[in-house]
Student: 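Below is a structure I'd like to ask you about.
Numbers here simply count residues along the sequence, with the first being 1.
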Amino acid sequence: MNNIDIKKPIEDYDTNYFDQSYLDVYKKILVDGLQEQIDFLTSIIDPDTESNILDFFCCNGRHILQLSDMGFHTTGLDINKQYLELIQQRSQGKVQTILADGREYVGQENYDVVLNLENSIGYIEDYEDNLKIIQSIHSCLRSGGKFILTLINRDYLIRNFHSLAWFGNGEGKYMLEKRRFDPTTSVLHIEEKRLTVDGPEKNYRLNMRLFSATEINLMLSSSGFKVLDIFGDFDRSPYRMNSPQMLYICEKI
């Protein structure tokens, strides 16, 4: 594992939102739809010319582990050391990992493709910090390299907003979530309880920044990216205001 100094941890109100309980409670959600996402990625990535892939904020590596098994050379970058250790164990060292704060990381322009999936940049609410992340991703790509960014469509969430949510993982672990969206800042404020049938509840808070397509377009163009396509879901349907996702396919210029 390559280690980079982490100068400024991601703010999550003194709770480690992405601890082991996150992997436990979200276990089912993290695999639901995964194959569709892999199919989408492999329909965009050319294995002959785009084999070197970096997953920027890779979580537990569910995407890059599968891509590695398919023959791609994959690397995962994350601020969470536990997740990177899991990737090392599951891949038996085949998948490379980088422990880093994505806002500070400076790449070497050596990747064919960089992935930033499932609203990963939104987990940091500050606009300037998210812009730094996109600029860092730019530094990781070779000239003409491809950037695949997937985000929640803010307009869809507003139209279909639910202030309360809950689900279980089928193994006696549950999540209860209270949500409040601030339209003046585009921040989704989340208060979350994680419960188990045989253990104490844990409480978490997180502020998630949501983006409009206009904002993302400006951030990408100012960071040196050309948008090649925008899809509205992993079935490659066109992006519309009522699309659940914003899936950006970009090129470094």
Side-chain angles (χ1 to χ4, degrees), residues 2 4 37-59 61 63-64 66-68 70-79 84 95-124 126-154 209-234 236 238-239 243 245-253:
N2 295 319
I4 306 296
Q37 294 171 28
I38 294 295
D39 291 345
F40 171 80
L41 294 174
T42 54
S43 74
I44 301 296
I45 300 169
D46 183 342
D48 295 325
T49 61
E50 299 172 335
S51 61
N52 193 18
I53 301 172
L54 171 66
D55 190 348
F56 204 99
F57 299 157
C58 60
C59 189
H63 297 96
I64 49 174
Q66 283 209 32
L67 291 171
S68 175
M70 297 171 69
F72 292 97
H73 178 71
T74 60
T75 302
L77 180 148
D78 207 277
I79 200 170
L84 300 183
V95 175
Q96 297 181 359
T97 57
I98 301 169
L99 178 64
D101 184 332
R103 294 164 294 188
E104 308 292 339
Y105 186 72
V106 179
Q108 300 179 351
E109 301 185 331
N110 58 328
Y111 291 98
D112 302 317
V113 179
V114 175
L115 312 175
N116 186 262
L117 306 175
E118 300 188 290
N119 218 71
S120 294
I121 63 171
Y123 285 101
I124 301 171
D126 184 77
Y127 179 92
E128 293 301 325
D129 277 347
N130 282 298
L131 187 58
K132 287 179 183 178
I133 290 166
I134 292 177
Q135 292 166 350
S136 177
I137 288 170
H138 187 273
S139 76
C140 295
L141 281 165
R142 62 167 171 80
S143 179
K146 191 171 288 179
F147 175 31
I148 301 177
L149 171 68
T150 73
L151 297 154
I152 298 169
N153 180 5
R154 186 192 67 174
R209 180 66 156 85
L210 303 179
F211 295 93
S212 68
T214 303
E215 286 180 300
I216 293 297
N217 289 339
L218 288 171
M219 294 168 77
L220 289 168
S221 62
S222 68
S223 300
F225 285 105
K226 175 184 178 181
V227 176
L228 303 177
D229 217 334
I230 311 175
F231 298 104
D233 211 340
F234 290 101
R236 298 188 63 156
Y239 169 72
S243 299
Q245 309 275 345
M246 297 190 299
L247 312 182
Y248 276 84
I249 314 301
C250 310
E251 180 180 82
K252 178 176 177 174
I253 55 177

Student: Do any N or O atoms from the side chain of Thr150 and from the backbone of Glu118 form a donor-acceptor pair under 3.5 angstrom?
Tutor: yes

Student: So which atom in Ile45 and which in Pro47 form the shortest heavy-atom distance, rounded to 0.1 Å?
Tutor: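 Shortest heavy-atom contact: O-CD, 3.4 Å.
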
Student: Test your reading of the model: is there a side-chain donor-acceptor pair from Lys226 to the backbone of Ile253, 3.5 Å cut-off?
Tutor: no

Student: Quick one: does any side-chain atom of Thr42 pair with a main-chain N or O of Asp39 as donor and acceptor, under 3.5 Å?
Tutor: yes

Student: Look at the aromatic rings of Phe234 and Phe40 and report parallel, tilted or perpendicular, splitting at 30° and 60°.
Tutor: perpendicular

Student: Determine the minimum heavy-atom distance between Leu220 and Cys250, stating which atoms define it.
Tutor: CD1-SG, 3.7 Å

Student: Quick one: does Asp55's side chain have a donor or acceptor within less than 3.5 Å of a partner on Gly76's backbone?
Tutor: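 Pair absent, no side-chain N/O of Asp55 close to backbone of Gly76.
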
Student: For a quick test of reading the model, state the closest non-hydrogen atom pair linking Leu131 to Met219 and the distance between them.
Tutor: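 Residues Leu131 and Met219, closest heavy atoms: N-CE, 3.7 Å.
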
Student: Taking the side chain from Ser68 and the backbone from Thr74, do they hold a donor-acceptor pair closer than 3.5 Å?
Tutor: no

Student: Looking at every non-hydrogen atom in both residues, tell me the closest pair between Arg154 and Ser212 and how far apart they are.
Tutor: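 In terms of heavy atoms, the two residues are closest at NH2-CB, 3.5 Å.
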
Student: Checking Lys146 side chain against Ile44 main chain: does a donor-acceptor pair fall under 3.5 Å?
Tutor: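 Yes: the side chain of Lys146 pairs with the backbone of Ile44.
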
Student: If the test is side-chain hydrogen bond (donor to acceptor under 3.5 Å, both in side chains), which one of Asn116, Asn217, Asp229 qualifies with Tyr248?
Tutor: Asn217

Student: Step by step, work out the side chain to side chain contact (heavy atoms under 4.5 Å, CB included) result for Arg142 and Asn52.
Tutor: CA-CA 10 Å; Arg142 62 167 171 80; Asn52 193 18; over 6 Å; no

Student: With under 30° as parallel and over 60° as perpendicular, where do the rings of Tyr127 and Phe211 fit, or are they tilted in between?
Tutor: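 Tilted, since the angle between the ring planes falls between 30° and 60°.
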
Student: Check whether Asp233 reaches the backbone of Ser243 with its side chain - one donor and one acceptor, N or O, closer than 3.5 Å.
Tutor: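 No: the side chain of Asp233 does not pair with the backbone of Ser243.
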
Student: Shortest non-hydrogen contact from Asp112 to Ser51?
Tutor: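 Between these two residues, the closest heavy atoms are OD2-N, 3.2 Å.
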
Student: When rounded to the nearest 0.5 angstrom, what distance separates CG in Leu67 from CG in Leu41?
Tutor: 6.0 Å

Student: I need the minimum non-hydrogen distance between Leu210 and Glu215, along with the two atoms involved.
Tutor: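 That would be O-OE1, 4.0 Å.
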
Student: Just do the side chain to side chain contact (heavy atoms under 4.5 Å, CB included) check on Phe225 and His138 with the steps written out, would you?
Tutor: CA-CA 8 Å; Phe225 285 105; His138 187 273; 3.7 Å; yes

Student: So, Asp78 side chain and Leu84 main chain: donor-acceptor pair closer than 3.5 Å or not?
Tutor: no

